[in-house]
There are 2 protein chains.
Amino acid sequence: MTQQVEATRRVPLSRDRVLAAAVELADEVGIESLSMRRLAQELGVVPMALYKHVANKDELLDGMVDAIIAEIDPPVRDAGWKRTVRLRVLSARRALLRHRWARRVLESRTSTTPAVLGYMDSFMGMFLAGGFSVDLTHHVMHALGSRMWGFTQELFDDPANGNFADMAPDAQAAMLSEMAERYPNILKVATAASHDDGSVVGAGCDDQFEFEFALDLMLDGFERLHGQGWTSEKPAGGAAEE
Amino acid sequence: MTQQVEATRRVPLSRDRVLAAAVELADEVGIESLSMRRLAQELGVVPMALYKHVANKDELLDGMVDAIIAEIDPPVRDAGWKRTVRLRVLSARRALLRHRWARRVLESRTSTTPAVLGYMDSFMGMFLAGGFSVDLTHHVMHALGSRMWGFTQELFDDPANGNFADMAPDAQAAMLSEMAERYPNILKVATAASHDDGSVVGAGCDDQFEFEFALDLMLDGFERLHGQGWTSEKPAGGAAEE
DNA sequence: CTTGACAAGTGTACTGCGTACACCTACTGT
DNA sequence: ACAGTAGGTGTACGCAGTACACTTGTCAAG
């Protein structure tokens, strides 16, 4: 009987099982609470057992990111570059939103795993296939930056707003009048962004709208540059120096 | 005599001294090596002494960020909004580049200290003063995102390139041919970006150029939208739902 | 000059982390 | 039947942040 129990759980660990469990755990408790010990416990195993499948925690994080990247849809076929890029970014965004920790990990990772490189490569491919010069593609990639992954640095994070909502009404009023005095512009902009909804910062705005607004702004800019055959005029030559 | 020594070092700690030392230490050894213990040691004091001046490490980091923000120049006067914004961002960029750890801390911080709010407020003020609608200003702020602080997520970080440079020539060749096979687009773009210089990724490109390229692309986009009186057409009403 | 209060600095100790290293164990191919 | 090995275990180390009780230095009031 114990044999059976053991037989049931004796599905041996594997790199994939470890990564999957890590992703799930991070989804549940947040990346900051994901420790090797906690993960091991979740898998019913002693912490050091994990090290037979991942070299260390950094590699674990890399693997988790790779798993998320695998969720991104491949480029659609036979659409113009703009639509292809747009859809791909939005697909990446959906994947990253399913795993909210992924943004931070991706940002903090200096690493370039094969999955990351593969995504970037195929991303550049979309522009090149659209007739962009290698030169322009390069700058475009830099300009997109992390927006290629479907996210932007949030202006305010939820907590600030959460705190506000949790405050006593009079404290809210006090804070509001203090803000009106010290940060009049923020207040103006924030309240305009949230007529019907009582919140002041952040929550009043539609992140998805903001993201697409900025993405389209950039894509339009790229289109314009491409249309006018833009080239970075580098200082002619350069062999002269040194 | 020991008295004198003590008298000399008896310049008492203060929040400002702690923050200044923390900034300096982070500049020297990197943010990941900045621990309360290490900082205390640097100040010739026992770790717990710091807690008389900062509540905890998070507050220390917040304070450090605030100190960097204080280094950003105020907006220039009597220039158009575009030039004003541009110069301000580039000033922020200079400050952040003087303290390379600041980018990460700013990114990871969910907090909104008065200094952060103040900067944002004055930033919005530049657009509003330029005649932007509150609405457009709002979206523009989101679109800028962390570029407002003068940085972008780097595509590749130095390490990858550093490793490559440190490799044996034949290993380099092997890696190159492997990359040509698996990431042909990356290779194309990267090599084009670094004709004269031997490196393959990252180092070949001029970060400052890339940053300004993207910044100007966005500012031009904003200008265009502003010129045509852009408004986000929100779904009329909304009170109907709930 | 004493005193006593309060701010600044100290010492010790706790918990949790990542992970090195030596060990055991159960399955595999010969 | 047995040796080799991959996978799991147990113990232990150093480093982190910080709670809590303590001493010390300084200065105002009696």
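Order of the sequence lines fixes the chain letters, A, B, ..., with proteins taken first and strands second; residue numbering starts at 1 for each chain. Since this is a predicted model, take the numbers as computed values, not measurements. As a basis for the values below, the full set of heavy atoms in this structure was taken, side chains included, without hydrogen atoms, waters or symmetry mates.
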In whole angstrom, give the distance that lies between atom OH of Tyr51(B) and atom C1' of dA21(D). 17 Å
What's the CD-P distance between Gln41(B) and dG17(D), to the nearest Å? 13 Å
Could you give the CG-to-C1' distance, from Leu39(B) to dA16(D), as a whole number of Å? 14 Å
Within the pair His53(A) and dA6(D), is there a side-chain N or O less than 4.0 Å away from OP1 or OP2? no
Between His139(B) and Phe209(A), is the ring centre distance below 6.0 Å? yes
Taking atom P of dA7(C) as reference, at what distance in whole Å does atom CZ of Arg15(B) sit? 17 Å
Trp101(B) and side chain to side chain contact (heavy atoms under 4.5 Å, CB included): which single residue from Leu34(B), Val23(B), Leu25(B) fits? Val23(B)
Atom-pair distance (CG on Leu43(B); C1' on dT10(C)), nearest Å: 15 Å
Has the side chain of Tyr51(B) got a donor or acceptor atom that lies under 3.5 Å from a matching backbone atom of Lys57(B)? no
N/O to N/O distances under 3.5 Å, protein versus nucleotides 12-17 of chain C:
{"unit_1": "dC17(C)", "atom_1": "OP1", "unit_2": "Ser35(A)", "atom_2": "OG", "d": "3.2"}

With sequence neighbours left out, the residues meeting side-chain contact (heavy atoms from CB on, under 4.5 Å) with Ser91(A) are Ile72(A), Asp73(A), Arg94(A)
Atom-pair distance (CG on Leu50(B); P on dT10(C)), nearest Å: 10 Å
Atom pair distance, as rounded to whole Å: CG in Asp58(A) and P in dG18(C): 11 Å
Starting at the 5' end of DNA chain D and moving along, which residue's nearest nucleotide shows up first, Pro47(B) or Lys52(A)? Lys52(A)
Would you sort out whether Arg15(A) and Glu59(A) count as a salt bridge (Lys or Arg N to Asp or Glu O under 4.0 Å), showing the intermediate values? CA-CA 11 Å; Arg15(A) 189 179 156 88; Glu59(A) 209 204 82; 2.5 Å; yes
Taking the six-membered ring of Phe211(B), is NZ or CZ of Arg93(B) closer than 6.0 Å to its centre and within 45° of its axis? yes
Rounding to an integer number of Å, can you tell me how far Glu59(B) CD sits from dT18(D) C1'? 14 Å
